[in-house]
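Data block below; observations after.
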Number of protein chains: 2
Amino acid sequence: MRIGELSARTGVSIRSLRYYEEQKLLTSVRQPNGYREFSPLAEEQVRTIQFYLALGISTEQIASFLTCVLMNKEAFCEEVLPIFESKLKEIDDQIHLLSQIKTNLEDRIRSIQESD
Amino acid sequence: MRIGELSARTGVSIRSLRYYEEQKLLTSVRQPNGYREFSPLAEEQVRTIQFYLALGISTEQIASFLTCVLMNKEAFCEEVLPIFESKLKEIDDQIHLLSQIKTNLEDRIRSIQESD
DNA sequence: CTTGACCCTGACATTAATGTCAGGGTTTAT
DNA sequence: ATAAACCCTGACATTAATGTCAGGGTCAAG
């Protein structure tokens, strides 16, 4: 299928699909007229990419394990675990930082409101 | 005092101090040689700026209430409360999103580990 | 009068995925 | 053969605070 159809099927913009290809997350063959031709499997692949992006995994990291997870179960790909773990730690740290800020803001809001 | 001294006293880079001035968070008078001259009060002011930046408040928002909070108690400045409240909501949303991602990652990590 | 430590402005770089535009081919249907 | 709807590449913009560099003044101590 061509890029417009893949975009329509997945809801991902043409711009992003081209970017994924540039980042080696997606491949296509070129027709004689220069158009990209994608395999039907690309649709599932794009959904997988979007799924990992939504977890905050970068395209570079996705590229490192995508081939494996497309062919196997995620658990089978050893590259995946360390990436998930470091991402988890990053998110934990972020949550802690935000929680501190949240507490601070709540305190300040409360003391402003009490001053009425 | 000159910018180098203000930077040394506060630990904030000269580049950032110039940026704060550009954003109207800080003022200085120019000496005949073109150098900025800061009042001694600037030191406290810079610490206040850094404090709000650390809460995730943008320079633009800080600019809208800084003059007031420097002269009064925070609770006295009505501009402050809506900004704090919207920032709090933003942070809450962010924490929720991150928590969902965290749960998802934990589930996936667990199922990878169980597959051994 | 020279050196070193200041100070100045202006400008570009950083991050990462995506939007958008310009300029230009291709295909399909009328 | 022309219009509409595709497709292509390349390039710039987005966000926000900060780093860094170039090119150039100023000033104090020696």
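Letters A, B, ... mirror the listed sequences (proteins, then strands); counts begin at 1. Note that the structure is a prediction, hence the values are computed from the model and not measured.
- Between C:dT18, C:dC8, D:dC6, one nucleotide has an atom nearer to the side chain of A:Arg2 than all others, and that is D:dC6.
- With C:dG19, D:dA17, D:dT18 as the choices, the nucleotide that has an atom nearest any side-chain atom of B:Gln50 turns out to be D:dT18.
- Taking atom CD of B:Gln31 as the reference point, atom P of C:dC8 lies 11 Å away to the nearest angstrom.
- The phosphate of C:dA16 has neither OP1 nor OP2 within less than 4.0 Å of any side-chain N or O from A:Ser58.
- Contact annotation: B:Ser16 does not reach the phosphate of D:dA17 (side-chain N/O to OP1 or OP2, under 4.0 Å).
- Distance check on atom P: D:dA13 versus C:dC12 gives 11 Å, rounded to whole Å.
- Atom CG in A:Leu25 sits roughly 14 Å away from atom C1' in C:dT18 (whole-Å rounding).
- By the 4.5 Å heavy-atom criterion applied to side chains, A:Leu66 and A:Tyr20 are not counted as neighbours.
- Using a 4.0 Å cut-off between charged nitrogen and carboxylate oxygen, B:Arg110 and B:Glu106 do not count as a salt-bridge pair.
- Put simply, B:Thr59 has no side-chain N or O that comes within less than 4.0 Å of OP1 or OP2 on D:dA16.
- Regarding B:Leu6, its CG atom lies at a distance of 16 Å from the C1' atom of C:dC8, rounded to whole Å.
- If you take CD1 of A:Ile14 and P of D:dT9, they are 12 Å apart, rounded to a whole angstrom.
- We find that CZ of A:Phe38 is positioned 10 Å from P of D:dC7, with the value rounded to whole Å.
- One interatomic measurement links the two molecules: CZ of B:Arg36 to P of D:dG25, which rounds to 17 Å at whole-angstrom precision.
- Looking at which nucleotide of DNA chain D each of B:Asn33 and A:Glu5 is closest to, the 5′-most match is held by A:Glu5.
- Looking at every heavy atom in both residues, B:Lys87 comes nearest to B:Ile57 through CG-CD1, 3.9 Å.
- Here, D:dT15 and C:dC21 have their P atoms 15 Å apart, quoted to the whole Å.
- In this structure, B:Tyr19 does not reach the D:dT18 phosphate: none of its side-chain N or O atoms is under 4.0 Å from OP1 or OP2.
- For the pair A:Ile49 CD1 and C:dA16 P, the computed distance is 17 Å after rounding to whole Å.
- Whole-Å rounding puts the A:Ile3 CD1 to C:dT26 C1' distance at 15 Å.
- Salt bridge B:Arg18/B:Glu21: absent, no basic N to carboxylate O contact under 4.0 Å.
- Looking at A:Tyr35, its side chain comes within 3.5 Å of the base of D:dC6 through a donor and an acceptor atom.
- Residues B:Glu43 and B:Arg47 are paired through a salt bridge, judged by an N-O separation under 4.0 Å between the basic side chain and the carboxylate.
- Taking 4.0 angstrom as the limit, B:Arg15 places none of its side-chain polar atoms (N or O) nearer than this to OP1 or OP2 of C:dC7.
- Contact annotation for B:Arg18: base contact, defined as any heavy-atom pair under 4.0 Å involving a base atom.
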